[in-house]
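Start at 1 and go down the list; that is how both ligands and their atoms are numbered. Starting from 1, each residue takes its place in the sequence as its number. This is a predicted model, so every value here is computed, not measured.
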Amino acid sequence: MSLVERDLAVIWHPYTQMKTAQPPIPIVRGEGTCLFGEDGKKYIDAISSWWVNIHGHSHPYIAKKIAEQLTVLEHAIFAGFTHPWAVELAERLLAILPSNQAKAFYSDNGSTAIEVAIKMCLQYWHNKGEQRTKILAFKNAYHGDTFGAMSVSGRSAFTAAFDSLLFEVEFIDLPNAGNIEELKSQISNLKSHISSFIFEPLVQGSAGMIMYEAEYLNELMAHCKKEGVLMIDDEVFTGFGRTGKSFACDHVQVQPDIMCFSKGLTGGTMAFGLTTCTQQMYDAFLSDDKMKTLFHGHSYTANPVACAAALASLDLFLEPSTKANIDRIINKHQAFAEKITGHRSLKTTRQTGTILAMEWETGDNTSYFSGLRDKLYHYFLDAGIILRPLGNVIYILPPYCITDAELDYIYSVIEKALDEI
Ligand SMILES: *Cc1c(COP(=O)(O)O)cnc(C)c1O
């Protein structure tokens with residue numbers, strides 16, 4: 001049996017209608033920006049493998065650190081015990097996060113990092129004896145697939161089967177010059193019930209790379225601060241350089257109370273999650289009363305191998321060449337966006353840092369499930385490029401080691417697609 005036949009016999013894939021989906025493409029090796037199929041075909045990974053990879057595939061330095069770690073300590077229970085790698089990682093990350101971030105809570109993926117953040121906020125008010133149980137979120141938000149994370153995400157086709165079971169959330173529009181005052185008064189009206197405001201900073205990834213301005217996020221955050229609403233900054237996607245700065249919140253002045261990380265945290269090598277918070281949040285759980293404890297933890301909390309992977313990825317991230325690569329990608333994206341602006345097949349282009357999104361003109365069918373999406377997806381696959389359109393939006397967010405030649409090739413295939421599709 002081929003690998004694909006064996007796969008179809010035993011595997012259920014994520015976000016996949018198994019009845020109608022094309023068979024999965026077997027990938028057997030990764031190197032730098034590229035993934036290699038079983039048949040030897042080379043694919044440029046233009047989307048960093050579901051947005052997780054930042055330094056390239058099978059990076060030898062991260063691989064070496066992970067291999068070494070496995071021979072020293074592979075796992076240790078993290079309640080009642082600690083280990084050097086968890087401590088060092090927290091020390092080094094907190095040193096580069098906004099100065100108010102003081103404590104690190106580990107988990108094992110983006111959704112769990114969000115669950116922890118939500119529970120921290122809800123219990124913060126509970127411990128203080130205040131009835132603040134509502135959460136504020138942006139329309140079309142995406143914060144993950146577990147129930148809490150799904151609840152604070154926009155209601156959509158993906159949540160429809162569960163909508164009646166999700167807890168109620170106040171959804172507001174993304175801020176802009178026209179609505180910012182209205183949004184602020186909405187928050188003021190609700191503030192006595194609102195525990196926290198959760199947001200994807202600057203870019204709503206899953207919604208279709210929808211972008212908004214740092215200036216208005218900053219204004220909204222300043223208002224939340226004034227009204228005593230806690231802020232959860234979901235940097236699961238935007239963290240570690242994606243937006244051009246180390247973290248998206250580095251584009252604003254107001255500091256969030258809680259931050260969530262996953263995806264790029266280990267350079268895309270190991271499943272890992274991290275939630276950080278301020279000293280003030282942490283202090284609200286300190287008590288002689290055991291009922292004020294944060295009763296949350298996962299079996300793999302602070303797994304040493306994941307910590308070692310994150311430490312190695314951080315070493316690479318802090319090398320000056322990484323920042324230079326990020327700036328290089330930003331400049332090349334900008335030049336390409338200018339070049340294709342106005343093309344008749346293109347509705348708009350938008351860019352935040354290393355993320356470049358292009359919205360195809362569609363006529364009337366704009367849904368995620370439109371035929372256009374599949375056409376684009378296979379067009380790029382045939383050309384040896386992995387792009388995974390969100391409906392009629394295609395986007396490039398490459399590992400930072402991508403070469404100019406690889407970027408130019410991707411751009412040229414996009415131009416061709418614009419002419420032909
Ligand atoms: C991917 C993502 C999540 C969820 O992370 P998982 O590891 O897939 O559970 C949460 N928030 C944002 C902004 C994301 O992009």
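- Between Val236 and ligand 1, no pair of N/O atoms sits closer than 3.5 Å.
- Residue Gln17 qualifies as enclosed at atom CD: its count of foreign heavy atoms under 6.0 Å is above 12.
- Under a 4.0 Å criterion applied to the non-hydrogen atoms of Asn109, ligand 1 contributes the atoms 7 (O), 9 (O).
- Interface atoms of ligand 1 facing Gly144, defined by a heavy-atom separation under 4.0 Å, are 4 (C), 10 (C).
- Residues Tyr300 and Phe272 keep their aromatic ring centres 6.0 Å or farther apart.
- Close approach to Asp234 involves these atoms of ligand 1, each under 4.0 Å from a residue heavy atom: 10 (C), 11 (N), 12 (C), 13 (C).
- Under 4.0 Å is where a charged nitrogen must lie from a carboxylate oxygen, and between Glu115 and Lys119 no such pair does.
- Relative ring orientation between His83 and Phe78 is described as tilted, the plane-to-plane angle lying within the 30° to 60° band.
- Ring geometry, Tyr411 versus Phe336: the interplanar angle falls under 30°, so the pair is classed parallel (tilted spans 30 to 60°).
- For a threshold of 3.5 Å applied to N or O pairs, the pair formed by Ser206 and ligand 1 contains no separation below that value.
- Taking every non-hydrogen atom of Phe237 and a distance limit under 4.0 Å, the qualifying atoms of ligand 1 come out as 15 (O).
- The closest approach between Trp51 and ligand 1 falls below 4.0 Å for a heavy atom of the residue.
- Contact annotation: Glu235 has no heavy atom less than 4.0 Å from any atom of ligand 1.
- Counting the atoms of ligand 1 from 1 in the order shown, those under 4.0 Å from a heavy atom of Glu200 are 13 (C).
- In this structure, atom 8 (O) of ligand 1 has no protein heavy-atom contact shorter than 4.0 Å.
- Under the 6.0 Å cut-off for aromatic ring centres, His55 and His57 do not qualify, their centroids lying 6.0 Å or more apart.
- Looking from atom 5 (O) of ligand 1 to the surrounding protein, the closest heavy atom is Gly110 CA, 3.2 Å.
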Original post:
For Thr362 and Lys347, what are the C-alpha separation, side-chain angles and deciding distance, and is it a side chain to side chain contact (heavy atoms under 4.5 Å, CB included)?
Top reply: CA-CA 8 Å; Thr362 54; Lys347 204 182 263 170; 4.3 Å; yes
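- The local environment of NZ in Lys332 is crowded, with over 12 non-hydrogen atoms from other residues, nucleotides or ligands closer than 6.0 Å.
- Given atom 2 (C) of ligand 1, the protein heavy atom at minimum distance is Lys263 NZ, 2.6 Å.
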